[in-house]
Protein chains: 2
Amino acid sequence: MSVAKILVVEDEAAIRDMVRLALDKAGFETLEAEDTHQALQVFHDSRVDLLLLDWMLPGQSGLELARRLQREDRTREIPIIMLTARVEENDKVLGLEAGADDYITKPFSPRELVARIKALLRRSRPQAAESPVQVENLMLDPGSHRVSINDHAVTMGPTEFRLLHFLMTHQNRVYSRGQLLDQVWGHNSFVEERTVDVHVLRLRKALSKDGYDRYIQTVRGAGYRFSVQE
Amino acid sequence: MSVAKILVVEDEAAIRDMVRLALDKAGFETLEAEDTHQALQVFHDSRVDLLLLDWMLPGQSGLELARRLQREDRTREIPIIMLTARVEENDKVLGLEAGADDYITKPFSPRELVARIKALLRRSRPQAAESPVQVENLMLDPGSHRVSINDHAVTMGPTEFRLLHFLMTHQNRVYSRGQLLDQVWGHNSFVEERTVDVHVLRLRKALSKDGYDRYIQTVRGAGYRFSVQE
DNA sequence: GACAATTGTAACTTTGCTGTAACATCGATT
DNA sequence: AATCGATGTTACAGCAAAGTTACAATTGTC
């Protein structure tokens with residue numbers, strides 16, 4: 001996850017523009033939607049890391065959208081910041097109940113907005129703060145996004161990194177190509193299952209130093225496994 | 001469930017043909033219906049694992065069919081992918097609300113279609129994590145797909161693994177070759193019964209360490225049995 | 001905008017599993 | 001012990017799964 005994608009759901013074009021300007025400047029990628037329907041569309045088509053949601057929307061309200069996202073696995077973990085037009089206690093309470101993680105009242109400064117977003121992303125992205133995983137002299141550190149063998153850096157592509165991370169944190173269990181696609185590539189990718197093989201090959205090449213590729217094991221007819229044994 | 005059955009509800013013959021071609025090639029079994037009425041007929045007559053539903057149908061719309069399936073227990077769990085002719089916001093939202101799990105807009109590539117189907121089938125059939133089985137020092141763990149005797153790894157082919165798993169979870173009962181073919185090979189396999197003998201032999205060889213092959217017992221005239229006794 | 005890195009796919013190669021037939025052995029029945 | 005059906009064993013051809021390579025397309029970087 002290089003750049004966080006932030007979806008802004010807001011009917012007023014002026015506010016959308018202002019928000020986008022602020023987010024672009026802060027280095028985020030901005031997605032936009034004017035209403036709930038468009039928002040669902042965006043959720044379907046791309047990964048969203050954080051949702052900026054206006055509470056007062058034409059048609060289906062932001063509240064309903066939030067509740068809906070709570071119901072589905074794929075969207076449940078996405079942090080939500082709600083935008084409220086004024087300090088209305090009732091809205092806030094409802095919003096927090098519906099799964100909003102934070103709120104900000106208009107008018108707000110771009111600086112405050114960005115600060116809240118960063119804070120929330122930091123908190124809700126355990127991956128970034130996750131602890132390093134080590135197996136013998138093979139070490140993977142999610143924080144610095146580095147892999148090393150005997151303190152000697154090992155290079156690999158992003159996909160291989162995610163694959164290794166998943167496997168190291170789920171040792172001794174066999175995962176089918178399909179499961180790995182779900183876990184490592186994400187839920188809606190149209191990728192051939194055999195593609196997994198190629199990335200396993202690349203990962204093995206990267207780990208071949210000191211024979212650490214032996215831990216990436218093939219289980220014929222079942223999938224792949226990370227294990228120290230055998 | 002060896003081969004997934006997919007029902008295609010689509011009025012245009014050209015698209016039906018294209019879809020069937022793609023599904024056949026991907027190894028799925030295809031059922032077809034031109035309208036809602038025929039579709040209900042198919043649901044009545046056979047098991048359906050996934051529904052590909054055109055949204056624009058003559059007569060009763062796909063939307064109504066989806067809602068109807070939601071109402072009945074037997075069909076509620078069937079995942080639905082809807083086919084929409086064009087990007088029509090309203091349709092998509094209505095569809096997702098009516099219980100569609102995914103949608104795909106025409107024109108679509110066979111590859112994308114198959115990929116989405118596979119992903120959906122994978123997700124909607126979460127394999128229950130099976131627990132390890134142990135008999136004395138013989139241990140079989142479905143999760144890691146491993147067999148060991150006295151903590152020492154034992155290797156065998158996929159079929160022997162499935163056979164041993166079945167036998168260990170159904171001890172002290174005799175199974176005929178025919179029954180074993182059904183249980184271990186799958187319900188519609190055209191395999192000689194004597195093939196079972198060969199795999200039993202291979203399994204026995206694999207278990208011969210410490211004499212664990214003695215648990216795979218022949219019951220003359222009846223079949224095979226896994227038992228600790230005798 | 002040129003260059004490098006990464007990704008996904010297809011094609012080809014290699015590996016080893018699977019199913020079958022043929023032959024050997026065993027056990028029961030006469 | 002002779003016979004016959006059932007089971008054990010072996011060998012092998014075909015095939016499916018996994019490994020590998022090359023490449024085109026995309027993406028990121030300077």
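By convention in this document, chain letters (A, B, ...) are assigned in the order of the sequence lines, proteins followed by strands, and residues within each chain are numbered from 1. Side chains included, hydrogens not; waters and symmetry mates left out as well; all remaining heavy atoms used.
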May I have the distance from [X] (atom [atom1]) to [N] (atom [atom2]), rounded to whole angstrom?
| X | N | atom1 | atom2 | result |
| --- | --- | --- | --- | --- |
| A:Leu163 | C:dT7 | CG | P | 11 Å |
| B:His199 | C:dT20 | NE2 | P | 9 Å |
| A:Phe190 | C:dT9 | CZ | C1' | 16 Å |
| B:Glu193 | C:dT18 | CD | P | 19 Å |
| A:His145 | D:dG28 | NE2 | P | 14 Å |
| B:Gln217 | C:dG27 | CD | P | 15 Å |
| B:Arg162 | C:dT18 | CZ | C1' | 10 Å |
| B:Asp197 | D:dT10 | CG | C1' | 13 Å |

Test side-chain hydrogen bond (donor to acceptor under 3.5 Å, both in side chains) on B:Asp210 and B:Asn150; report intermediate values, then the result. CA-CA 9 Å; B:Asp210 288 9; B:Asn150 288 320; 2.5 Å; yes
Please write out the pairs of protein N or O atoms and N or O atoms of nucleotides 14-17 of chain C separated by less than 3.5 Å, giving the distance to one decimal.
{"residue": "C:dT15", "atom": "O2", "partner": "A:Arg220", "partner atom": "NH2", "Å": "3.3"}

Look at [X] and [N] and indicate whether a side-chain polar atom (N or O) is within less than 4.0 Å of OP1 or OP2.
| X | N | value |
| --- | --- | --- |
| B:Trp185 | C:dG19 | yes |
| A:Thr218 | D:dG19 | yes |
| B:Arg204 | D:dT9 | no |
| B:Tyr224 | D:dG8 | yes |

Could you label the plane-to-plane angle of the B:Tyr215 and B:Tyr212 rings as parallel, tilted or perpendicular, counting under 30° as parallel and over 60° as perpendicular?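 Correct class here is perpendicular.
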Out of [options], whichever nucleotide has its closest atom nearest the side chain of [X]:
| X | options | value |
| --- | --- | --- |
| B:Glu192 | C:dT9, D:dG19, C:dT20 | C:dT20 |
| A:Arg194 | D:dT20, C:dT18, D:dG8 | D:dT20 |
| A:Val198 | D:dT21, D:dT7, D:dT10 | D:dT21 |

Could you report the tightest heavy-atom contact between B:Met156 and B:Leu207, atom names first, then the distance?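 Closest approach of B:Met156 to B:Leu207, heavy atoms only: CE-CD2, 4.3 Å.
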Distance-minimising heavy-atom pair for B:Val154 and B:Ala206: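 Looks like CG1-O, 3.3 Å.
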Tell me if a side-chain donor or acceptor on A:Arg146 pairs with a main-chain N or O of A:Ala153 at a distance below 3.5 Å.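 No: the side chain of A:Arg146 does not pair with the backbone of A:Ala153.
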Tell me whether A:Arg173 forms a cation-pi arrangement with A:Tyr175, defined as NZ or CZ under 6.0 Å from the six-membered ring centre and within 45 degrees of its axis.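 Pair A:Arg173/A:Tyr175 counts as cation-pi.
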Counting any heavy atom closer than 4.0 Å, what does A:Val219 reach on the DNA or RNA strands: base, sugar-phosphate only, or nothing?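 Sugar-phosphate, backbone atoms only, no base.
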Taking the side chain as C-beta and beyond, is there a heavy-atom pair between A:Leu50 and A:Phe28 under 4.5 Å?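 The answer is no, as the side chains (C-beta and beyond) never meet within the 4.5 Å cut-off.
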